[in-house]
Amino acid sequence: MIPASFEYHRPRTLKEAIGLLEAHGEDARPLAGGHSLIPMMKLRLAKPGHLVDLQDLAELRSIRSDGGSLVLGALVTQHEMIHSELLTAKCPIIRETSLLIADPQVRYCGTLGGNVANGDPGNDMPALMMTLGATYRLTGARGERDVPARDFYQGIYATALKAGEILTAVHIPTPPDRHGYAYEKQKRKVGDYATAAAAVILSLSGGTCSAAAISLTNVADTPLFARDAGDALVGSRLDDAAIAEAARRAQRIARPASDGRGPADFRKHVAGIMVRRAIARAKQRAG
Amino acid sequence: MSADGDTAQARTQKLEGLGTRRKRVEDARFTQGKGNYVDDLKLPGMLFGDFVRSPYGHARVKSINKDAALKLPGVKAVLTANDLKPLKLHYMPTLAGDVQAVLADEKVLFQGQEVAFVVAEDRYIAADAVDLIEVEYEELPALRDPNKSMTADAPVLRDDLKGKTSGAHGPRKHDNHIFTWEVGDADATDKALRAAEVVAKELIVYQRVHPCPLETCGCVASMDKINGHLTVWGTFQAPHAVRTVASLISGIPEHKIRIISPDIGGGFGNKVGVYPGYICSIVASIVLGVPVKWIEDRMENLQATAFARDYHMTGEIAATRDGRITGLRCHVLADHGAFDACADPTKYPAGFFSICTGSYDIPAAHVTVEGVYTNKAPGGVAYRCSFRVTEASYFIERMIDVLARKLKMDPAELRRKNFIRKEQFPYTSALGWEYDSGDYVTALDKAMQAVGYKELREEQRRNRDAFARGETRKLMGIGVSFFTEIVGAGPIKNCDILGLGMFDSCEIRVHPTGSAIARLGTISQGQAHATTFAQILATEIGIPASNITVEEGDTDTAPYGLGTYGSRSTPVAGAATAMAGRKIRAKAQMIAAYLLEVHDDDLEWDIDRFRVKGAPERFKTMAELAFAAYNKVPPGMEPGLEAVSYYDPPNMTYPFGAYICVVDIDIDTGVTQVRRFYALDDCGTRINPMIIEGQVHGGLTEALAIAMGQEMDYDELGNLRNASLLDFFLPTAVETPTWETDYTTTPSPHHPIGAKGVGESPNVGGVSAISNAVNDAFAHLGLTHMQMPHDHWRVWKTAERLKLTGS
Amino acid sequence: MAKMHLKFTVNGRAVETLAEPRMLLIHVLREQLAITGPHIGCDTSHCGACTVDMNGKSVKSCTVFAAQANGAEIVTIEGLAAPDGTLHALQEAFREHHGLQCGFCTPGMITRAYRLLQENPKPTDAEIRVGISGNLCRCTGYQNIVKAIGAAAQRLNASKEAAA
């Protein structure tokens, strides 16, 4: 219940924040919404000697459109994403996913950056970003670099983020008009992580699927981009056989842990069901 | 119309007495953040205590190194078993005739067991100090399956009991055996089972769960060394019992101990027993001479405080081919954890489990209960169980459904066929309980009518056909539960806790200007006694409830009582309240007669006054009589208007209910939706219907949690998998359905106001209704019984076994 | 680290305190400022009993370091009634509709409902249930809480319309 001691820093600029992370290396953690980190600190599973509170970095809070992309600052909260008219109009799967994360209080504080950067396989945004083909802007002392979400996750709490880097923004290619979308999540109760979840984006052209992307949440050590599953839909009319094949291919790469949500075989089965149901809803929504 | 212009109706309304939906007096402080819970208390010089707890389920404690912790600035003391041994407090007696380690002595026996107690200036320093204490453990094989507790090669858990061939409840046949308890007629039951046309047998497991009140346990202990007086504020559902026990084990005389239960944030049986935290805080306060606060956190509460259930019940039920039950046999394996701290009345190590013949007229029955030790936390009786009644009711309600399947009979019809009939009350069951009153047929009819039972079964038939044709992937289930439970412990002749008879008490003092104060031996943890017991009194003595203060929980002022749990407050303290009220009224009647210059018998009671029979314009209100008590009493009578009642109930009470639950199960995900839940409760006279409805809503929500996902599951190493709210299932408002409540009223003939109590009924009946519904969804496909909890994966696995999942 | 000097407003009052950076906001409120309305019911940020309103958001004060709250405007249950003691419509509705029993979840629940009704002044029952899904209750089964919040919403809307 009581965290260990730490030094607290509240930089006023991004440069200052990065400088602090560089200076203290592995012993420093950035603090955004805090609703992943602080619970771990209260259990003393995390004991950073230095916390770098990012809340004053206003430049990381914007949601804007930039050419063919949507650019979201890392400190944008789930609550802000839910209430963003721009996102609701241009990329409604984000709102749908956010509403399935945690509870109202957590959503006021929890940030996009926190949800995608810490490598917790239970988080929902990573799979979503993979489906959207998003790119993460990582900023360090030596400058900026971009890493696709699909290449970012390496293992439990292990990502491509290097020491001294902060994820500062997420660039999402704006999905085409009339795209179909769905985030389907099974959980034991509000606030729980997914037993399994699937993020689907697809496009139809004259009744035939012209593009599809499918990703899975919490059925492996990392979120999974189910490339083959999406490919199974492309060129089809999203008929039962195609959907079944997509679900099968998605299940094949799922390797969930057995835990309170159920044994691995059950969770794998649910992954398939989530894929099916997400495709069905995405199909209904596609223009 | 009376002489002073107020109608009878107006006067009755003003009282806000029995039967009214009186708003709660407690709400003023709770809605403004002005409650007084233990952790709100701050005293000058107060220190904070925190525990080092065992990470292992079973291990030897080789060494404990306090040095680094003691060097941390702000740390005042670190207690271990060795510090408590000279005081003989390293073990404490439990409520079940066993002992429990206060701080681990040489061995730890469950994950989370208390090993050392740190006392520091604040909780942050205490937490840091806990981290600095080095304990060396030698891990031992953990015993987690009670079925393996008594095998030849089972590890011996209790070194302190090793070799002892008898315990508090009789002979012990193995070092991990606690007791065997038996009731009923073994021969007659055996005969009935052998001769039966149909016998159904099933293993029904009621999984280990935890009451998890939102406020955890805690206390502030303050020893005044100058006056030799100990005060302890704490989360105590039985403050007087705690005082007596504290006196017995500390040697401080009882009149020098004051126990105060302030506002309690939910009890549900979790706050009945005495925990190591209380003892350590008291010792620390005595040693250090300042107040010491201990408040556990949620994980500690789940790991180490009183769990509930963990009953493995093998049932055999015998019947004629047309559904007349002829016998019932039950063997229970009871997992008590590492110490037997089951809060049962002394003579009942399995509580009132023998109510397991339920609402049914069963001629022959036999029950055996075997209690065993495992490497889990102690407890067992908690969570609205009325002393194992939840287990008993779940057992019989599942067995009835199992029998119904076998007989291919409708489960409601099978129940109706075997009900104890109204004319049979008072009814003595085959296991020895005398049920006070009941009208089961009326209640079941009302329930079935309200939900349209016949139409629901028709809908289910259509659903099953549609499922078979592949038109739907959802299965509908209908669950019926008709429970009779036993509460109101209880008559002193057979109910005592540690030798203290389970009476209860009320003391009333009426003030000259017509208001009153009543003090009780019970203690609310949300049940609103300050609101409802004032209602009982208002009706008895004709003073508006809003003019009656009700106090509980301070042992310096409250009359001795055994506290609040097991739905006993209304049956026992409520009775005492009515009886004390009647003594007040009897004295007031004599004063009235004196003032009106008539004979006592010439007066009749009318709502809030005595009036002369045949001359109603001549009356004295209770308010007038109150004043008169202080200056105008008849010669020879003592002034004042005060009464006390210590009530020894002649019997327990037997509330009952008819619950019907409709579920829809998504076969592909295992997700169950409760479509409808109808609960009819008969708790006898209803004191405050609004409060009753609230109790039912809350109890049903607990039942939902238990039936649908709650468990305390240990792995083979003794690690508890559900030690936090991440994995311990507490439903939010989204998972909780809307509950429909209804009632019938069959008063208890032996209770002064006919009331039976209701707090625990919804947990008793709710689990069965929900579990029966889930089981019912698959019954047509050959399922006889699915163990709880009915979480997604278990339901799906059942569907898979029945070949419904296409995998 | 040495204690930090923190300044924020609580229920309209400016407060100053010294606290270690690691001190949780709930502990600062309860132990340093004697604001004991918000409660602690768990250690994994699930139960919501500690909910306060911070800078216009419902926040679980057990998951915020007091240091993060430096400069914030915080409202707790103690600040919902009017200065003259008139109870907030929610406080009255909870009493009217029996939306509490032991009272332990109540401060967090009402404080959350307060913000919920700012977000959505006319919530359906389903929306209320989602809106309070970050607040656990063991006593009421939520049913009367939902009723109370709905009733408070109606009353607040009626006053707004009357005032308009």
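Here is how names work: the chains are called A, B, and so on, in the same order as the sequence lines, proteins then strands, and each is numbered from 1.
Note that CG of C/Asp43 and CG of B/Asn301 are 9.5 Å apart. Values are rounded to the nearest 0.5 Å. Considering CZ of C/Phe94 and CZ of B/Phe30, their distance stands at 14.0 Å, rounded to 0.5 Å. Summarising the geometry, atom CZ belonging to B/Arg123 is positioned 10.0 Å from atom CG belonging to C/Leu24; distances are rounded to the nearest 0.5 Å. Atom-to-atom distance recorded for C/Gln143:CD and B/Thr741:OG1 is 7.5 Å, nearest 0.5 angstrom. For the atom pair B/Thr738 OG1 and C/Asp125 CG, the distance stands at 7.0 Å (nearest 0.5 Å). For the atom pair B/Asp27 CG and C/His97 NE2, the distance stands at 12.0 Å (nearest 0.5 Å).
For B/Asp122, no part lies under 4.5 angstrom from a heavy atom of chain C. Within the 4.5 angstrom heavy-atom criterion, only side-chain atoms of C/Leu87, from C-beta onward, approach chain B. Proximity to chain C (any heavy atom under 4.5 Å) is restricted, for B/Thr701, to the side chain, taken from C-beta onward. If you measure heavy-atom distances from B/Lys42 to chain C, the contacts under 4.5 Å come from the side chain alone. At a 4.5 Å heavy-atom cutoff, the contact between C/Met23 and chain B is made by backbone and side-chain atoms alike. When heavy atoms are compared at a cutoff of 4.5 Å, B/Tyr37 approaches chain C solely by way of its side chain, counted from C-beta outward. Heavy-atom distances place the side chain of C/Ile110, and not its backbone, under 4.5 Å from chain B. Neither the backbone nor the side chain of B/Glu26 has a heavy atom closer than 4.5 Å to any heavy atom of chain C. Heavy atoms of B/Asp297 lying under 4.5 Å from chain C belong to its backbone as well as its side chain. Both the backbone and the side chain of B/Ile691 have a heavy atom closer than 4.5 Å to some heavy atom of chain C. Only the side chain of C/Thr44 has a heavy atom closer than 4.5 Å to any heavy atom of chain B. B/Pro762 does not touch chain C: none of its heavy atoms, backbone or side chain, sits under 4.5 Å away. In this structure, chain C has heavy atoms under 4.5 Å from both the backbone and the side chain of B/Leu725. Of the two parts of B/Arg21, neither the backbone nor the side chain holds a non-hydrogen atom closer than 4.5 Å to a non-hydrogen atom of chain C. If you measure heavy-atom distances from C/His88 to chain B, you find no contacts under 4.5 Å at all.
Looking only at heavy-atom pairs under 4.5 Å with chain B, the residue among C/Cys42, C/Gly48, C/Gly79, C/Ala34 that has the most is C/Cys42. Most heavy-atom pairs under 4.5 Å with chain B, from the set C/Cys137, C/Gly103, C/Pro107: that is C/Gly103. Interface remark: of the candidates B/Asp39, B/Ile295, B/Asp263, B/Asp39 forms the most heavy-atom pairs closer than 4.5 Å to chain C. Interface summary for chain B: among C/Ile40, C/Ile77, C/Leu100, the most heavy-atom pairs under 4.5 angstrom belong to C/Leu100. Between chain B and the residues C/Ile35, C/Thr106, C/Thr140, the largest count of heavy-atom pairs under 4.5 Å involves C/Thr140. Considering only heavy-atom pairs separated by less than 4.5 Å from chain C, the leading option among B/Leu302, B/Val696, B/Thr216, B/Leu726 is B/Leu726.
Considering C/Asn135, C/Leu136, C/Ile132 as possible partners of B/Thr732, the one that fulfils the side chain to side chain contact (heavy atoms under 4.5 Å, CB included) test is C/Leu136.
Centroid-to-centroid, the aromatic rings of C/Tyr142 and B/His697 stay 6.0 Å apart or farther.
Shown here for C/Arg138 and B/Phe268, the closest heavy-atom pair between the two residues is O-CZ, 3.6 Å. Of all the heavy atoms in B/Thr736 and C/Gly141, the pair that sits closest is CG2-O, 3.6 Å. The two residues C/Cys102 and B/Gln525 come nearest to each other via the heavy atoms CB-O, 3.1 Å.
The salt bridge (Lys or Arg N to Asp or Glu O under 4.0 Å) contacts involving residues 79-93 of chain C comprise C/Glu92-C/Arg155, where partners must be two or more places apart or lie in separate chains.
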Test side chain to side chain contact (heavy atoms under 4.5 Å, CB included) applied to B/Leu730 and C/His46, step by step: CA-CA 10 Å; B/Leu730 294 185; C/His46 284 98; over 6 Å; no
C/Glu78 and B/Lys34: CA distance, side-chain angles, deciding distance, side chain to side chain contact (heavy atoms under 4.5 Å, CB included) verdict: CA-CA 8 Å; C/Glu78 289 97 331; B/Lys34 296 298 179 193; 4.2 Å; yes
Audit row: C/His39, B/Asp40, side chain to side chain contact (heavy atoms under 4.5 Å, CB included) steps and yes/no: CA-CA 9 Å; C/His39 297 134; B/Asp40 298 341; 4.3 Å; yes
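There is a side-chain donor-acceptor pair under 3.5 Å between C/Gln101 and B/Gln695.
Other residues, nucleotides and ligands contribute more than 12 heavy atoms inside 6.0 Å of the CD atom of C/Gln118.
At least one donor-acceptor pair closer than 3.5 Å links the side chain of C/Arg95 to the backbone N or O of B/Arg24.
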